[in-house]
Amino acid sequence: MMDAATMTRATAMAWLALAPAMALAQAFPAKTIRMVVPFPAGGGVDYTGRMIAKGMSDRLGQQVVIDNRAGASAIIGMEAAKNAAPDGYTIAITSNGPLVINPHLFRKLPYDSLRDFSPIALTTSFPYLLVAHPSLPVKTVKELITLARSRPGEISYSSPGTGNGQHLATALFASMAKLDMLHIPYKGNAPSVVSLVSGETQLTFSSIPGMLPHVRAGRVRALAVGSVQRVPSLQDFPTVAESGLPGFEAAGWGGIIGPANLPRDVVGALSKAIIDTLKHPDTAQRMLADGAVPTPGTPEELTAYLKTELAKWGRVVKLANVKPE
């Protein structure tokens, strides 16, 4: 039987053995955090991810580094996030394409958007801009709808590829307005924009940053934005909904996720750092200037939005008659 002194020493040793684990649990983050971006460097998600990573580093006291894992319709990066250890040191910033459109485009997608990830925060909205080539004699959404109805199957629109968010935005527009238009897909955003600017195609929904210089130079004509509300930095552009198609909404959006089963306190720490970053005036103003709208949201809000968007874009994929691969 141990005497009192021996028991005291044993208790002290037990606490010393537990101390490192307890300190680690209380001190998240204790090392560098990796933020996977499932797209190439230079795109909208990568751009906002780098701004958010900088703000998170400042608030968490540990560096947050960007890890671009592009390829296979963002599946490579999404798998990297799914398979990471559930400790908060690998997270991913992604968009609506991998999360809510891919599930309807691929029969054997190696991840489930709701089951395989821990939602951390909503980040940004990337409103689409409806633009027309100047040769198309329309200046408003109402004029476009009237003209397209009088010329079924004649007006062509470009997109960065079949099943891309911009393709589906135009398909949704055509369905709601009861239009028959010709879809011409390209391999990427750049050739899609070039086709419109050159007049090969007549219409497209495009991300704002890539198209705005052409609008300002008069090479294309902006008709409306696809968001619910006007873009703060582009108040002269009305929304599609207020311009003749009530209820229309089409925008890209971003969110930050981690692997499934992240501890609640880790999710809370990450979410707070992200939301605080997005609410900071400097970050918000920089994003708005480039056509991205900060939409800081909690893990619960991201989960609810995911469910709504999965159902919505599933219907649009069927309307566009896109066959799963």
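Note that these values count all heavy atoms, side chains included, but never hydrogens, waters or copies made by symmetry. Because the structure is a prediction, the values reported are computed rather than measured.
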Inset, instruction - Might you point out which heavy atoms bring A169 and W313 nearest each other, and give the distance in Å? - result: N-CZ3, 4.2 Å
Legend entry - Atom pair CZ/OG of R264 and S118 - distance to nearest 0.5 Å: 11.5 Å
Legend entry - Side chains of P238 and R230 in contact at under 4.5 Å (non-hydrogen atoms): yes
Inset, instruction - Answer with yes or no whether the hydrophobic clustering places Y128 together with F248; edges join I, L, V, M, F, W, Y residues whose side-chain heavy atoms lie under 4.5 Å apart. - result: yes
Inset, instruction - Keeping the roles fixed (side chain from S271, backbone from G268), state whether a donor-acceptor pair exists under 3.5 Å. - result: no
Legend entry - Same apolar cluster: L310 and W253, side chain cutoff 4.5 Å: yes
Legend entry - Check: H167 and T162 side chains under 4.5 Å, non-hydrogen atoms: yes
Legend entry - Flag, side chain of T308 to backbone of A304, donor-acceptor distance under 3.5 Å: yes
Inset, instruction - Just do the side chain to side chain contact (heavy atoms under 4.5 Å, CB included) check on T94 and V37 with the steps written out, would you? - result: CA-CA 6 Å; T94 185; V37 179; over 6 Å; no
Legend entry - L223 side chain near L144 side chain, heavy-atom distance below 4.5 Å: yes
Inset, instruction - Evaluate the side-chain proximity of I120 to L302: yes if any heavy-atom separation is below 4.5 Å, no if none is. - result: no
Inset, instruction - Check which hydrophobic residues are tied to I76 through side-chain heavy-atom contacts below 4.5 Å, counting indirect links as well, and list them. - result: none
Inset, instruction - Work out which heavy atom in A260 is nearest to a heavy atom in P86; give both atom names and the distance. - result: O-CB, 3.4 Å
Inset, instruction - Given side chain to side chain contact (heavy atoms under 4.5 Å, CB included), test M78 with I257 step by step and report yes or no. - result: CA-CA 10 Å; M78 296 296 284; I257 57 174; 4.0 Å; yes
Legend entry - Stepwise side chain to side chain donor-acceptor pair (under 3.5 Å) check, T239 with E242: CA-CA 5 Å; T239 67; E242 70 180 289; 3.3 Å; yes
Inset, instruction - List the atom of Q202, the atom of E154, and the distance in Å for their closest heavy-atom pair. - result: OE1-O, 3.5 Å
Inset, instruction - Can you spot which of E143, K142, R149 makes a side chain to side chain contact (heavy atoms under 4.5 Å, CB included) with I145? - result: R149
Inset, instruction - Find out whether the Lys NZ or Arg CZ of K31 is both under 6.0 angstrom from the six-membered ring centre of Y89 and within 45° of the ring's axis. - result: yes
Legend entry - Nearest-0.5 Å distance, CG of residue L60 to OG1 of residue T32: 11.5 Å
Inset, instruction - Look up atom CE in M35 and atom CD1 in I93, then write down how far apart they are to the nearest 0.5 Å. - result: 5.5 Å
Legend entry - Heavy-atom check, side chain of V240 versus side chain of F173, under 4.5 Å: yes
Inset, instruction - State plainly whether one hydrophobic cluster holds both L99 and F39, where clusters connect Ile, Leu, Val, Met, Phe, Trp and Tyr through side-chain heavy atoms under 4.5 angstrom apart. - result: no
Legend entry - Sidechain N-carboxylate O distance under 4.0 Å for R286, D282: no
Legend entry - pair T123-T295: side-chain heavy atoms closer than 4.5 Å: no
Legend entry - From CD1 (I75) to NZ (K108), nearest 0.5 Å: 13.0 Å
Inset, instruction - Would you kindly confirm whether I275 and I91 end up in one hydrophobic cluster when ILVMFWY residues are joined by side chain heavy atoms under 4.5 Å apart? - result: no
Legend entry - Cluster check V64, L122: I/L/V/M/F/W/Y, side chain < 4.5 angstrom: no
Inset, instruction - Indicate the atoms forming the closest heavy-atom contact of A251 with P127, along with that distance. - result: CB-CA, 3.7 Å
Legend entry - Single hit among S195, S156, S159 for side chain to side chain donor-acceptor pair (under 3.5 Å) with T201: S195
Inset, instruction - Provide the closest heavy-atom pair for A292 versus P294 in the form atom of the first, atom of the second, distance. - result: O-CD, 3.7 Å
Inset, instruction - Dump the intermediate steps for side chain to side chain contact (heavy atoms under 4.5 Å, CB included) on M56 and L270, then the final yes or no. - result: CA-CA 8 Å; M56 291 177 69; L270 292 167; 3.8 Å; yes
Legend entry - Any donor-acceptor N/O pair, S57 side chain to Q63 backbone, under 3.5 Å: no
Inset, instruction - Output the distance between atom CG (L105) and atom NZ (K323), rounded to the nearest 0.5 Å. - result: 12.5 Å
Inset, instruction - Quick one: name the residues clustered hydrophobically with V225, using the 4.5 Å side-chain heavy-atom rule over I, L, V, M, F, W, Y, and just say none if it's on its own. - result: L129, V131, V193, L196, V197, I208, M211, L212, V215, V220, V231, L234, F237, L288, V293
Inset, instruction - State whether the side chain of T283 and the backbone N or O of K279 hold a donor-acceptor pair below 3.5 Å, judged by distance alone. - result: no
Legend entry - pair D112-F117: side-chain heavy atoms closer than 4.5 Å: no
Inset, instruction - Apply side chain to side chain contact (heavy atoms under 4.5 Å, CB included) to the pair L182 and I155, showing each step before the final yes or no. - result: CA-CA 6 Å; L182 177 63; I155 295 177; over 6 Å; no
Legend entry - NZ/NE/NH1/NH2 to OD/OE distance under 4.0 Å, D58 and K54: yes
Legend entry - Cationic N near anionic O, under 4.0 Å, R69 to E79: no
Legend entry - Heavy-atom pair of closest approach, residues A92 and A81: CB-CB, 3.7 Å
Inset, instruction - Determine whether N102 and Y111 make a side-chain contact, defined as any pair of heavy atoms from C-beta on separated by less than 4.5 Å. - result: yes
Legend entry - Gap separating the CD1 atom of I101 from the CG atom of N164, nearest 0.5 angstrom: 7.0 Å
